[in-house]
Amino acid sequence: MAANDFPSKRAPFYKDVPDEQWFDWRWQLSHRLNALEDFEPVLELTASERKALSSGHLFRVEITPYFASLINPDDPNDPVRRQVIPTDLEMARFTGMMEDSLSEDAHSPVPGLVHRYPDHVLMLLTTQCASYCRYCTRGRIVGDPNATFTRAELDAQIDYIEKTPQVRDVLLSGGDPLVLAPKLLEDILTRLRAIPHVEIIRIGSRVPVFMPMRITDELCEMLQRFHPLWLNIHVNHPNEITKELAQACDKMTRAGIPLGNQSVLLAGVNDCAHIQRKLVQDLVRIRVRPYYLYMCDLVEGGGHFRTPVSKGIEIIEGLRGHTSGFAVPTFCVDAPAGGGKVPVMPNYVISSSDHKVVLRNYEGMVSTYEEPLDYKPHDPTTCPYCQHKRVEVGQGGVFGLLDGQQMTIKPEGFDRLHTRGGGTHRLRMDSDKWKPLGIGDTGREEE
Ligand SMILES: *Cc1c(COP(=O)(O)O)cnc(C)c1O
């Protein structure tokens, strides 16, 4: 195992803490740093941090002693420090800032359940985390100890999933599901597993990163009873990859849990292709597959972390081809107002004709792919999967155009605008004149 290749750190202030306490997650949780005085013995605060910590209005601060130990106390710009210790830059407002920039609450049929995509839902189980990221996308609900989800709300979430057969994948998030009381988490997993149409369960958690000691054998034994269960962690910088994290990931992968990583592109933390390359290479060494690299959301307090979108394109340019393909995450902008995740990447298609595509590779070499001149299109009338798709629930979209489900997607009010205030007149009477004779390539009967 690669664990010994990664450092184990403990800030000098904690050197006399007995191992039984240091490696006990309950001790880590109850010794988190949050007030000004807690920080003083561990590192020297800057004026900006001091101002932020004494303002009293900020998004919640909590840092486990383990995670605080990863900070180089002499570096005010330390990439771990910047993720968890607030500065007064958090108080800055910026164009586009929103409380709920992804419109999650608008996509929630019941509180805490976000049903944005056709076949998978996001279930928010708690508002609590082991530590709090300064750029939290859910700062509007996360952190408040008096505003977590009630039993009745969790019941309503499960009830919705039970009644919605199109949901085959349930993503548990929050807050952090792994800070829930183990019995409650087990109870929720049991109830989800009892729903026949729920094929997979996913957990999104930063607990392995903030508090790897929480990943005990007992927890892994519990989780592995609910397979297929996948888990995504959240690492942003190679300095977060330690011996302890490597051991926690090893335990989880041995319990059969496939691990992924979601990171956020953050100015001053990881906005560099070289840092990102080291990050993804170290992740795959601990058997964690880089999954997404997110653009930082337009949330309060997050303005100073934002980069141009092109920084993400540059990073993918620096990864694809330059390192193992499975180490390259998908760079995504989670588009505001409920636009959802939009993948963004460099352009590799340079040109095309009716039988050639001109491509460039990561080295800038330009080459041509000759396309077949005798391609026989896939026949949906004999394909059992195409025959099935009618019962599957999709949301159309651009694929719906290709698939022959519809011919256009129109902006709201398009038809009304284009009548230009005129009424129905003799040339507009015949409504069938806009009805195509089928919409191509589906083999589907006309309706
Ligand atoms: C990110 C997200 C998911 C999961 O999306 P995947 O692309 O399947 O990882 C589900 N629901 C919401 C609302 C999300 O933001």
Side-chain angles (χ1 to χ4, degrees), residues 3 8-35 37-43 59-71 80 83-85 124-133 136 142-151 154 172-190 203-226 229 231 233-235 240-252 254-255 257 259:
S8 172
K9 289 187 185 162
R10 205 189 292 197
F13 176 65
Y14 298 114
K15 72 177 189 315
D16 296 328
V17 176
D19 277 3
E20 307 84 78
Q21 293 190 333
W22 183 258
F23 292 108
D24 178 349
W25 58 275
R26 292 178 191 84
W27 185 91
Q28 290 284 337
L29 272 187
S30 58
H31 289 78
R32 289 183 292 181
L33 316 178
N34 56 58
E37 321 72 87
D38 299 338
F39 288 91
E40 299 299 354
V42 183
L43 47 83
F59 179 57
R60 184 155 166 206
V61 177
E62 296 280 1
I63 306 165
T64 57
Y66 160 84
F67 200 65
S69 294
L70 308 186
I71 297 172
V80 172
Q83 292 179 57
V84 289
I85 304 184
L124 307 181
L125 297 188
T126 171
T127 56
Q128 305 299 296
C129 289
S131 298
Y132 294 91
C133 310
C136 181
V142 165
D144 185 345
N146 304 311
T148 197
F149 296 98
T150 62
R151 228 19 226 238
L154 294 177
L172 308 180
S173 182
D176 198 316
L178 295 188
V179 302
L180 278 184
K183 275 273 161 278
L184 179 55
L185 179 60
E186 185 174 349
D187 177 56
I188 292 165
L189 289 168
T190 306
I203 295 178
S205 174
R206 208 177 185 187
V207 158
V209 179
F210 285 143
M211 200 169 61
M213 34 302 266
R214 177 65 191 94
I215 310 304
T216 58
D217 292 336
E218 197 186 359
L219 179 70
C220 291
E221 270 157 36
M222 187 272 274
L223 293 176
Q224 70 183 353
R225 289 200 279 111
F226 300 96
L229 182 125
L231 192 141
I233 64 172
H234 172 180
V235 180
E240 293 160 62
I241 303 184
T242 61
K243 180 177 175 186
E244 288 81 5
L245 175 65
Q247 284 170 339
C249 292
D250 186 61
K251 278 201 172 118
M252 291 188 284
R254 280 171 199 269
I257 305 170
L259 298 179

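- Looking at residues two or more places apart in sequence or on another chain, you find a side chain to side chain contact (heavy atoms under 4.5 Å, CB included) between K251 and I215, D217, C220.
- Atoms CE and OG, on M252 and S205 in that order, are 7.5 Å from each other to the nearest 0.5 Å.
- Heavy-atom minimum distance, T127 versus A147: CG2-O, 3.3 Å.
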Walk me through it: do V42 and I71 pass the test side chain to side chain contact (heavy atoms under 4.5 Å, CB included)? CA-CA 9 Å; V42 183; I71 297 172; over 6 Å; no

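- By the side chain to side chain contact (heavy atoms under 4.5 Å, CB included) test, N146 pairs with D144, sequence neighbours left out.
- The aromatic rings of W22 and Y14 lie tilted to each other, with the angle between the two planes from 30° to 60°.
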### Task
For salt bridge (Lys or Arg N to Asp or Glu O under 4.0 Å), just list the numbers for D250 and R254, CA-CA rounded to whole Å, side-chain angles, deciding distance to a tenth of an Å, and then say yes or no.
CA-CA 6 Å; D250 186 61; R254 280 171 199 269; 2.7 Å; yes

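- Minimum interatomic distance between V179 and C129 (heavy atoms only, all atoms of both residues): CG1-C, 4.0 Å.
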Item to complete: Kindly determine whether Q247 and K243 satisfy side chain to side chain contact (heavy atoms under 4.5 Å, CB included), including the steps that lead there.
Response: CA-CA 6 Å; Q247 284 170 339; K243 180 177 175 186; 3.7 Å; yes

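- Atoms OG1 and CG, on T148 and L154 in that order, are 8.0 Å from each other to the nearest 0.5 Å.
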Can you give me every donor-acceptor pair (side chain of residues 62-69, partner residue at least two apart or in another chain, under 3.5 Å) with its distance?
residue, atom, partner, partner atom, Å
E62, OE1, N34, ND2, 3.1
E62, OE2, R60, NE, 3.2
E62, OE2, R60, NH2, 3.0
T64, OG1, F67, N, 3.2
T64, OG1, F210, O, 2.6
Y66, OH, T242, OG1, 2.6
S69, OG, A11, N, 2.9
S69, OG, P65, O, 2.8

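- Closest heavy-atom contact between L124 and F149: O-CD1, 3.4 Å.
- Judged purely by atom type and a 3.5 angstrom limit, R206 has no side-chain atom pairing as donor or acceptor with the backbone of C133.
- For the atom pair CG of L189 and CG of L184, the computed distance is 9.5 Å after rounding to the nearest 0.5 Å.
- A distance of 10.0 Å separates NE2 in H31 from CG in D38, rounded to the nearest 0.5 Å.
- Taking all atoms of both residues into account, the shortest heavy-atom contact from C249 to I233 is SG-CD1, 4.2 Å.
- The two atoms that bring R32 and S131 nearest to each other are NH1-N, 4.4 Å, heavy atoms only.
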Given the rule in the side chain to side chain contact (heavy atoms under 4.5 Å, CB included) test, do V142 and F59 qualify, once you have shown the distances and angles that lead to the verdict? CA-CA 9 Å; V142 165; F59 179 57; 4.0 Å; yes

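- Atom-to-atom distance recorded for L178:CG and L223:CG is 6.5 Å, nearest 0.5 angstrom.
- Side chains of W27 and V17 form a contact here, defined as non-hydrogen atoms less than 4.5 Å apart.
- Note that CG of L172 is 7.5 Å distant from CD1 of I188, once rounded to the nearest 0.5 Å.
- Contact detail for R214 and P182: the closest heavy-atom pair is NH2-CG, 3.4 Å.
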